[in-house]
Amino acid sequence: MSNNVRVRFAPSPTGPLHIGGVRTALFNYLFAKKHNGTFVLRIEDTDQNRYVEGAEDYIVESLNWCGIPFDEGPNTNEQFSPYRQSERKHLYKQYAEELIAKGKAYYAFDTAESLDAHRKDHEAKGKTFIYNWHNREKLTNSISLSKEEVDKRIANGEDYVIRFKMLDLKNQGSHGTIRTRDLIRGSVSFKMELLDDKVIFKSDGMPTYHLANIVDDHLMKISHVIRGEEWLPSVPLHIALYHALGWQAPEFAHLPLILKPTGKGKLSKRDGDKLGFPVFPLEWTDPKTGDISRGYKEDGYFPEAMVNFLAFLGWNPGTEQEIFSLDELVNAFDLERVHKAGARFDPEKIKWFNHHYMQDQSNDDLANQFKASQPELESIDVNYISLVVGLVKERATFIGDFWNLTHYFFSAPTSYDEKASKKALKEGTKDVLEKVIELVNSVDDFTTDNLQNTIKGWITSNDIGFGKVMMPLRLALVGALQGPDVFDIMFMIGKKETVKRIENIISFIP
RNA sequence: ACUCCGUUAGUCAAAUGGCUAAGACGCCUGACUUUCUAUCAGGAAUUAAGGGUUCAAUUCCCUUACGGAGUACCA
């Protein structure tokens, strides 16, 4: 596995890229980079009905925002292009026909309605309709029909699909099982007799996922297929297809699914709406309905935080280290350490990662982001904002938290928190604050240290009790009982403003 | 219903056929003779159940339960 590692992320452009898809892409990326391989993006747009305008661009932008760009893909002029299946349409039919010629596939004329009827009929009897070896001779296809009849139907332009002959009793004799090795799950086996004859080529002239997928993986020399667990049941089909075409199958690795934070099933857009967190990397506007789905980026998450969090959903390094840069992830990543069981999505934990990555950024960087996001700060010196940010950033998770945390650095409080007032404003508070004004005025060199020494000195020498002074003082400056060190706040807003705010609250006290 | 996959605290999860089953998020408590959503210190909480194999099982095997996925001319 040196330089021959080629992996692909192969989404369908049917809407915004789901967070689970991002994780799949991430694991592909990590695996590729770990082995000095190539990460390919292939757009699987074989279903024209489900194509959604803008979805492909969204996928590309999302990967870029996450910092996991592809090496080959649409609009890169690489040797295996094109990378959109719709542009590779001409490639697939010949392989379907090759399979027919080899007796491994056949034409089928059954209409969707008649198959539906069969399914309903079976269901009513408590059985499952499977189109395969046990009934294919009774259905309408090139096995049950004469060659003339088949030719005639095709010549008449009748709709047909091509089905893969999954198990051929005449040639394969026993039913048996098909066994394979999955890089994550180990040995996996399937009973051949229960498998159905899947449609590999549709009546609209397009291949189905299964055919297009293996043809492209083969042609693009994909060495490892890393995809979601929902594909595990298709593995026997894919392996049989590789065999039938005389190709070597790639290695498979099926990733565990990402589950809802609570309740049953896999994570869906609805869970995000209900519980108030995004399930998409970027904001998405539905081109048809105009509905907007929020994105991690717009909600204030840093891509590093999301990537770090996602990496730990279904994988861990086996050490106690949790904070990983992308490079460190590449180094540590190993498919063997990927879990088999589905992982519940925890919106709280990704916040914790975000908080952590916030602390890593410089005050200046954060100040610039803060300033850009808050109209009130337009005329404020960014250096001042930077100092403010430095005082509060350890209690912020998002840039969007800053305003709530710091507005009193920029303008005086216009009201006082009711509960805090009850707690802080007691009998005698007025006198205490009046004395504090005196003390503040007496500090000529207005620094945090000088303020602190003066006021704390006064408190201790008069044996007053810190709470009696500090709480009303904080309330005067902030409007609530929150924020960083009171002396830092006084220093930042300056002597004049400090005095003004204390006078304000004195006049507020009845 | 059938097929496949899975199951360590509320969640993400580590570990080994054998000492008190890591760590993180969250939660609770305390501290910081000034607040807190921060910080620090503590705490509660887990091997799904039942059978085997074994001197010994969370680890290996079986059964049950539960969970997930798939059973489309969707991917």
Side-chain angles (χ1 to χ4, degrees), chain A residues 10-14 44-47 49-50 108 110-112 115-116 119 122-123 125-130 159-163 182 184-185 188-191 194-196 198-204 206-210 212-213 228-236 254 256-257 259 261-262 264-266 309 312-323 337 339-353 355 359 392-397 401 404-405 417 420 423-424 456 459-460 465-475 478 480-487:
Chain A
S12 285
T14 54
E44 309 230 328
D45 54 351
T46 51
D47 186 355
N49 301 321
R50 295 212 307 158
D110 315 271
T111 61
L115 292 175
D116 234 35
R119 282 188 195 106
H122 277 67
E123 203 178 320
K125 292 181 197 152
K127 290 196 246 175
T128 308
F129 175 75
I130 308 177
D159 275 354
Y160 67 85
V161 299
I162 298 174
R163 284 182 183 271
D182 182 281
I184 292 168
R185 277 145 222 285
V188 189
S189 60
F190 304 85
K191 280 194 192 130
L194 269 356
L195 269 17
D196 61 344
K198 275 273 180 302
V199 171
I200 55 174
F201 204 84
K202 298 184 275 188
S203 59
D204 65 359
M206 289 293 260
T208 61
Y209 168 84
H210 303 290
N213 193 261
E229 190 187 344
E230 68 268 27
W231 294 110
L232 197 53
S234 302
V235 164
H254 289 89
L257 263 15
L259 274 19
T262 56
K264 294 176 167 191
K266 63 175 176 180
F309 168 74
F312 272 72
L313 231 40
W315 171 85
N316 79 83
T319 66
E320 288 190 8
Q321 184 182 352
E322 280 206 274
I323 300 298
R337 294 199 64 90
H339 250 235
K340 297 184 179 94
R344 276 190 195 280
F345 187 87
D346 181 0
E348 289 305 315
K349 186 124 191 195
I350 187 168
K351 285 185 189 162
W352 176 79
F353 275 109
H355 175 259
Q359 309 316 310
V392 302
K393 77 168 173 185
E394 70 175 16
R395 53 198 83 200
T397 299
D401 293 342
N404 267 340
L405 255 19
D417 180 78
K423 196 171 160 194
K456 279 197 175 171
I459 292 173
T460 23
F466 274 77
K468 279 198 177 125
V469 182
M470 302 302 282
M471 285 211 282
L473 190 48
R474 177 179 291 281
L475 192 62
V478 175
L481 293 181
Q482 56 151 286
D485 187 84
V486 165
F487 303 107

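Quantities reported herein were computed from a predicted structural model and do not represent experimental measurements. Here is the naming used below: chain letters follow the sequence lines, and residue numbers restart at 1 for every chain.
Taking atom P in both B:A9 and B:A22, one finds a spacing of 14 Å when rounded to whole Å. Taking atom P on both nucleotides, B:A15 is separated from B:U7 by 13 Å, rounded to a whole Å. Comparing the C1' positions of B:C73 and B:C60 gives a spacing of 46 Å, expressed to the nearest Å. B:U46 sits 30 Å from B:C55 when the P atoms are compared, rounded to a whole Å. Straight-line distance between the P atoms of B:A49 and B:U59: roughly 10 Å, to the nearest whole Å. Annotation: B:G17 and B:G52 have their C1' atoms spaced 15 Å apart (nearest Å).
Using a 4.0 Å cut-off, no side-chain N or O of A:H339 falls inside it from OP1 or OP2 of B:U8. Distances shorter than 4.0 Å separate none of the side-chain N or O atoms of A:R337 from OP1 or OP2 on B:C12. Here A:R185 does not reach the OP1 or OP2 of B:G6: none of its side-chain N or O atoms lies under 4.0 Å away. Contact annotation: A:K351 side-chain N/O to B:G26 OP1/OP2 distance is not under 4.0 Å. At least one side-chain nitrogen or oxygen of A:T46 sits closer than 4.0 Å to the OP1 or OP2 atom of B:A75. Between B:A75 and A:R50, no contact under 4.0 Å exists linking OP1 or OP2 to a side-chain N or O. Contact check, A:N316 against B:A13: no side-chain N or O comes under 4.0 Å of OP1 or OP2.
The main-chain N or O of A:I130 is never found under 3.5 Å from a side-chain atom of A:H122 such that the two would form a donor-acceptor pair.
Residue A:V199 is classed as a sugar-phosphate contact, given heavy-atom separations below 4.0 Å to backbone atoms only. Within 4.0 Å (heavy atoms only), A:G467 reaches sugar-phosphate atoms of the nucleic acid but no base atom. Among the protein residues, A:D45 comes within range of no part of the nucleic acid, since none of its heavy atoms lies under 4.0 Å from any strand. Backbone-only engagement by A:L313 is indicated by non-hydrogen atom pairs under 4.0 Å involving sugar-phosphate atoms exclusively. If you check every strand for non-hydrogen atoms under 4.0 Å, A:S189 touches sugar and phosphate atoms only. When heavy atoms are screened at a 4.0 angstrom cut-off, A:V188 is found touching the sugar-phosphate backbone but no base atom. As judged by a 4.0 angstrom heavy-atom cut-off over every strand, A:G314 is placed among residues touching the sugar-phosphate backbone only. Within 4.0 Å of A:N213, counting heavy atoms only, lies no atom of the nucleic acid at all. Within the nucleic acid shown, A:Q482 comes within 4.0 Å of at least one base atom, counting heavy atoms only. A:F312 comes within contact range of the sugar-phosphate backbone alone, with a heavy-atom separation under 4.0 Å but no base atom that close.
Residues A:Q482 and A:V478 meet the side-chain proximity criterion, which asks for heavy atoms closer than 4.5 Å. Two residues are said to be in side-chain contact when any heavy atoms from C-beta on lie closer than 4.5 Å; A:S12 and A:E44 meet this criterion. Using a 4.5 Å heavy-atom cutoff, the side chains of A:H210 and A:S234 are in contact. Proximity of A:D401 to A:V392: side-chain heavy atoms (C-beta onward) are nowhere separated by under 4.5 Å.
Remark: P of B:C5 and NZ of A:K340 are 11 Å apart, rounded to the nearest angstrom. Rounded to an integer number of Å, the gap from A:Q321 CD to B:A22 P is 21 Å. Rounded to whole Å, atom P of B:G26 lies 15 Å from atom CZ of A:F345. Here the P atom of nucleotide B:G70 and the NE2 atom of A:H210 are 12 Å apart, to the nearest Å. Taking atom CG of residue A:L194 and atom P of nucleotide B:C5, one finds them 13 Å apart after rounding to whole Å. Across the protein-nucleic acid pair, A:K468 atom NZ and B:U35 atom P stand 15 Å apart, rounded to whole Å. Put simply, NE2 on A:H254 is 15 Å from C1' on B:U3, counting in whole angstrom units. Rounded to whole Å, the distance from CG on A:D47 to C1' on B:C73 is 9 Å.
For A:W352, taking side-chain heavy atoms from C-beta onward, the closest of the listed nucleotides B:A1, B:C25, B:A72 is B:C25. Side-chain atoms of A:E322 lie closest to B:A24 of the nucleotides B:A24, B:A75, B:G23. Out of B:C73, B:U33, B:U3, the shortest distance to the side chain of A:T460 is found at B:U33. When each of B:C12, B:C73, B:U3 is scored by its nearest atom to the side-chain atoms of A:A343, the top-ranked nucleotide is B:C12. Among the nucleotides B:A75, B:C4, B:A1, the one closest to the side chain of A:T128 is B:A1. Of the candidates B:C73, B:U35, B:A13, the closest approach to any side-chain atom of A:R395 belongs to B:U35. Distances were taken from every side-chain heavy atom of A:R474 (C-beta onward) to each of B:U35, B:A14, B:G26; the shortest belongs to B:U35.
Remark: the A:K349 side chain and the B:A24 base include a donor-acceptor N/O pair separated by less than 3.5 Å. No hydrogens or angles were tested; on distance alone, a donor-acceptor pair under 3.5 Å links the side chain of A:S203 to the base of B:C73.
Heavy-atom distances to RNA chain B give each of A:I350 and A:K456 a nearest nucleotide, and the one nearer the 5′ end belongs to A:I350. Ranked by how close their nearest RNA chain B nucleotide is to the 5' end, A:I130 and A:V486 are led by A:V486.
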Pick out the pairs of N or O atoms, protein on one side and nucleotides 39-48 of chain B on the other, that lie under 3.5 Å.
none

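Shown here for A:I184 and A:K340, the closest heavy-atom pair between the two residues is O-CE, 3.5 Å. Nearest heavy atoms, A:W352 versus A:E322: CH2-OE1, 4.1 Å. Contact detail for A:G467 and A:P472: the closest heavy-atom pair is O-CD, 3.5 Å.
In this structure, A:K266 does not pair ionically with A:E229, as no charged nitrogen and carboxylate oxygen lie closer than 4.0 Å. A salt bridge links A:D196 with A:K198: at least one charged nitrogen is closer than 4.0 Å to a carboxylate oxygen.
The environment of NZ in A:K468 is sparse: at most 12 heavy-atom neighbours from other residues, nucleotides or ligands sit within 6.0 Å. Counting non-hydrogen atoms of other residues, nucleotides and ligands closer than 6.0 Å to CD of A:E123 gives a total of 12 or fewer.
Note: A:Y209 and A:W231 have parallel aromatic rings, judged against thresholds of 30 and 60 degrees for the angle between ring planes.
Taking CE of A:M206 as the reference point, atom OG1 of A:T46 lies at 5.5 Å (rounded to 0.5 Å). Atom-to-atom distance recorded for A:Q321:CD and A:N316:CG is 11.5 Å, nearest 0.5 angstrom.
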**Fill in**
Encoded 5' to 3' (Watson-Crick or G-U under 3.5 Å; [ ] crossing; | other strand), RNA chain B becomes (((((((..(((.....[....))).(((((.......)))))....(((((..]....))))))))))))....
**Trace of the side chain to side chain contact (heavy atoms under 4.5 Å, CB included) decision for A:F345 with A:L313** = CA-CA 8 Å; A:F345 187 87; A:L313 231 40; 4.0 Å; yes
**Request:** Could you run through nucleotides 64-69 of chain B and give me one letter per nucleotide, 5' to 3': B if any protein heavy atom sits under 4.0 Å from the base, S if only the sugar-phosphate is that close, - if neither?
**Result:** ---SSS
